[in-house]
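Note sheet for the following structure.
A note on names: the letters A, B, ... follow the listed sequences, proteins ahead of strands, and every chain is numbered from 1. The model shown is predicted, which means the values in this text are computed figures rather than measured ones.
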Amino acid sequence: MSEELKKPYNPTEHEESIYRKWEESGFFNPDVCVEKGVTDKNADYFSIVLPPPNVTGTLHMGSAFMLAIEDVIVRFNRMWGKKTLWIPGTDHAAIATQSKVEKLIQKEGGKNRHDLGREEFLKRVEKFAKENHDIIIHQMKKMGCSLDWSREAFTLDEKRNLAVKTVFKKMYDDGIIYRGHRIVNWDPKGQTTISDDEIVYQEQKTKFYYLQYGPFVIGTTRPETKFGDKYVVMHPDDKRYASYKDGQKIDLEWINGPITATIIKDESIDMEFGTGVMTITPWHSVVDFEIAERHNLDKEQIIDKYGRLLPVAGEFSEMKIVEAREKIIEKLKKKSLVLKEEDYTNNVATAERTGGFIEPQIMNQWFIDVNKEFTYIFDTLPNIKKGEKVTLKKLMLSVVENKNVNIIPDRFEKEYTHWIENLRDWCISRQIWYGHRIPVWYRSTNTHNRSNEEIYCGIEAPKEIDPDSVKTTAGEWVQDGDTLDTWFSSGLWTFSTLGWPEKTEDLKNYHPTTVLETGYDILFFWVARMILMSTYTIGQIPFTYVYLHGMVRDNQGRKISKSLGNNIDPLEMLAKYSADGVRMALLVGTGPGGDSKISEEKLKAYKHFANKIWNASRFVLENVGNMSRFNLDILVEKDKEILKEFKDFTSDITADMENYRFHLAAEKIYHYFWHTFADIIIEDCKKTLRQTQDKEVESAKQLLYYLLTEQLKLLHPFMPFITEKIWSMLPDSKGLLMVEKWPTN
RNA sequence: GGGCGGUUAGCUCAGUUGGUAGAGCGCGUCAUUGACGUUGACGAUGUCAGAGGUUCGAAUCCUCUACCGCCCACCA
């Protein structure tokens, strides 16, 4: 028996060298598995992409949870005999990364990005991204992830950039991407637009003012936007205002003097709310914008992109919003136009990354039109025919409704559908520097009139110009300064990582991917967008299954956050409780969609389990001698019974594994190993083994050895390190456990 | 306002297609120098949130109620 096995199990001593052995074997790469004959060359393909971690920081317990589940899936499929590919990568995370670095340079030298300039700043961001990338990769290896590193990708590398530009151009040519003056979420702090999903609503206590507006009383929380309000809107059925007609003009005294207002009747008005009358500010409110569009009304900008009032505000011009609000109310009070003020709590929109208060603005931006009809050119989707008129929305709904894409747990299918139905055009341009540059160039034919502008969209810059030219004189092509929303490139991830737009073997073999495993919090951000991009661009679903996991919480069920101080560093936990222990603790008892509550007690429990496995293995190997192969035919009757039960147990575990019930499989194998194998079978065998040579002793040895080796296989996806280590110490050991065949009956 | 979950042992949670409840930690008693004290044996603890219904039978299916949580949304 191996000398190592006589000592207590020391994970830190073994984990690194085991991982190195796996890497050196090349078996993380399915091509190598086929080449070396461990995987049949006609085997089915299994593929999964790693949700690329943001290079904004290092991994947290949530990432560890994700990695644990995915590595279980991958190792199971590899042992099951499939050509199994797990593609690694990281995400540049545009705004998130840029704003981190901006904070850093502010802290270091009190500078902002404009002090450095675009090129210099980007170098700084890339350095930051590289540092985090390296730490992240290290962490993933520590977790034992069997990722094919030879295929690693980055959302902002050259190949992915080509994919992005190619999709952009295709969408542009199809009229799905358009540029237009639409209302967008403007973050005055980050000086960029953001998408609806990047908004975080915060409750804020404010005042609700009732203002006299001619013959009407209007309610508002934002008097500072009211300067340009010259439309007063009410419901057409509101009897209180029946005497006023749509389009009627009225003169009234307002903030900076007399104005003429126009009455508009619109059904979107809630008669129950406030006085049932409101004035509108189309430039700075989505609802108001839509009313204005319906009635073809004028729109006027009141607030600039730094959050200051424009000259339309008269004496309040140049003031910041908060300051102006008070002063305006003071003035209105003096004019006796404030009738009442109430305390009010409303949800204010803030930017997720910068914390800035979102100010809706009408801006000229790039959008993806989700409702635009186009002719579908692929005949590869089961429920959408070639030549059929579709919209992106329809594509996204269809593949989930028809179960081409299956979400686990399926309750999220309802949430998905609901979300898509309410989806609006996706604003994809960002006024930041870190990201994929929009592949569009402009040339004004007349320097004095920017409306005479030529637009060129292409993978490469238009030929007539020197691409390095930064001159902006008339007649020169100038590239759009904006970059793309980070989710644009993430949306392509399943096929861009496989080499698209090149027609690669990988793309042919591994797409659609088999399963996507990710957190339910990014179902809309990411999963929906991958479905959009993949069905539109290549006519394929991106994946057949979506397995959603929950959030990792502390033992009180709270979110892990820095401010609560309940942050757990995965590397620290791995060092303390072993990778195998951490993986098990995260997995047991947390089903799909469920939140994993993690505590040191739980981690401790599964470290103990690793110890139990080690010691039980030692007992078995000490007693069986130099076993070279099984002969289960010699088992005595009672051992045959145990063997039969074990086979049933194996089938049960296999069924759980195939049906994404890893939490059950993990718990069952744990329970069987400890409380059936160790507590009952081994204990009984102890008595048997004390006998002298006879049938029963030989039977017990065969049984013990067989059960141990088979259980190592069942345990391997969950606890890869310790099982691989013990496997290497078996008397008839050959090859790596990671590519052993999964037990079947 | 709309949608989706949850409510099971002291705590954290499982319970796949309905068959009179399980795990870990914790607790109690005992055992053991022989794989392991990161141990073993035995044990206590639950009207499975409440009410009604379907069924031979419900934690599990249906309806309602209560409380907790999450997500979405343009109530000025």
For atom [atom1], what is the distance between [N] and [M], given to the nearest Å?
| N | M | atom1 | answer |
| --- | --- | --- | --- |
| B/A73 | B/C64 | P | 27 Å |
| B/C56 | B/U20 | C1' | 13 Å |
| B/G43 | B/G5 | C1' | 37 Å |
| B/G28 | B/A44 | P | 16 Å |
| B/C74 | B/U17 | C1' | 45 Å |
| B/C4 | B/A76 | P | 25 Å |
| B/G40 | B/G34 | P | 14 Å |
| B/C61 | B/C48 | C1' | 16 Å |

Protein-nucleotide distance (A/Lys226, atom NZ; B/A76, atom C1'), rounded to Å =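 Spelled out: NZ on A/Lys226 to C1' on B/A76 is 7 Å.
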So what does [X] hit on the nucleic acid, given a heavy-atom distance under 4.0 Å: a base, only sugar-phosphate, or nothing?
| X | value |
| --- | --- |
| A/Arg661 | base |
| A/Ala655 | nothing |
| A/Asn347 | base |
| A/Ala616 | base |
| A/Leu523 | nothing |
| A/Asp656 | base |
| A/Tyr670 | sugar-phosphate |
| A/Ile682 | base |
| A/Tyr577 | nothing |

task = Classify the ring geometry between A/Tyr547 and A/Phe662 as parallel (under 30°), tilted (30 to 60°) or perpendicular (over 60°).
result =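 Taking A/Phe662 first and then A/Tyr547, their aromatic rings sit tilted (interplane angle of 30° to 60°).
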request  = Hey, which sits more toward the 5' end of RNA chain B by its nearest nucleotide, A/Gly276 or A/Gly594?
outcome  =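 Of the two residues, A/Gly594 wins.
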message = If you assign A/Arg222 and A/Tyr9 each to the RNA chain B nucleotide with the nearest heavy atom, which residue ends up on the more 5' nucleotide?
response =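 Its nearest nucleotide lies further toward 5', so the answer is A/Tyr9.
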Within less than 4.0 Å of OP1 or OP2 of [N], is there a side-chain N or O belonging to [X]?
| X | N | answer |
| --- | --- | --- |
| A/His663 | B/G15 | yes |
| A/Tyr416 | B/C4 | no |
| A/Tyr201 | B/C70 | no |
| A/Lys604 | B/C25 | no |
| A/Lys414 | B/G5 | yes |
| A/Lys7 | B/A35 | no |
| A/His284 | B/C74 | no |
| A/His608 | B/U39 | yes |

cation_pi(A/Lys686, A/Phe619) dist<6.0 Å, angle<=45 =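 That pair qualifies as a cation-pi contact.
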Check: [X] ring centre within less than 6.0 Å of [Y] ring centre:
| X | Y | answer |
| --- | --- | --- |
| A/Phe718 | A/Tyr670 | no |
| A/Tyr672 | A/Phe646 | yes |
| A/Phe208 | A/Phe273 | yes |

query = Are more than 12 heavy atoms from other residues, nucleotides or ligands located less than 6.0 Å from atom CD of A/Glu326?
reply =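 Not buried by this count: 12 neighbours or fewer within 6.0 Å.
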message = Tell me whether A/Phe367 at atom CZ has more than 12 heavy atoms from other residues, nucleotides or ligands lying less than 6.0 Å away.
response =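 Check passes, neighbour count above 12.
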ask   = Is it true that a side-chain atom of A/Asp656 and a backbone atom of A/Arg661 form a donor plus acceptor pair closer than 3.5 Å?
value =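 Side chain of A/Asp656 to backbone of A/Arg661: no pair is present.
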inquiry  = Would the distance check show the side chain of A/Asp246 and the main-chain N or O of A/Lys265 forming a donor-acceptor pair, the cut-off being under 3.5 Å?
reply    =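 Yes, because the side chain of A/Asp246 sits within donor-acceptor range (under 3.5 Å) of the backbone of A/Lys265.
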Per A/Lys668 side chain, nearest of listed nucleotides B/C74, B/U16, B/U38 =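 Ranking B/C74, B/U16, B/U38 by closest atom to the A/Lys668 side chain puts B/U16 first.
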inquiry  = If you only use heavy atoms from C-beta on, which nucleotide in B/C36, B/C74, B/A35 is closest to the side chain of A/Phe619?
reply    =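 Selected nucleotide: B/A35.
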key: Base-pair map of RNA chain B as dot-bracket, where | denotes pairing with a different strand and pairs are Watson-Crick or G-U under 3.5 Å   = (((((((..((((.....[..)))).(((((.......))))).....(((((..]....))))))))))))....
request  = Report yes if a donor N or O on one partner sits less than 3.5 Å from an acceptor N or O on the other, where the partners are the side chain of A/Glu683 and the base of B/A35; otherwise report no.
outcome  =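 Donor-acceptor pair under 3.5 Å: yes.
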task = Please determine, by modelled atom types, if A/Asn611 and A/Asn615 share a side-chain donor-acceptor pair under 3.5 angstrom.
result =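 Side-chain D/A pair, A/Asn611 to A/Asn615: present.
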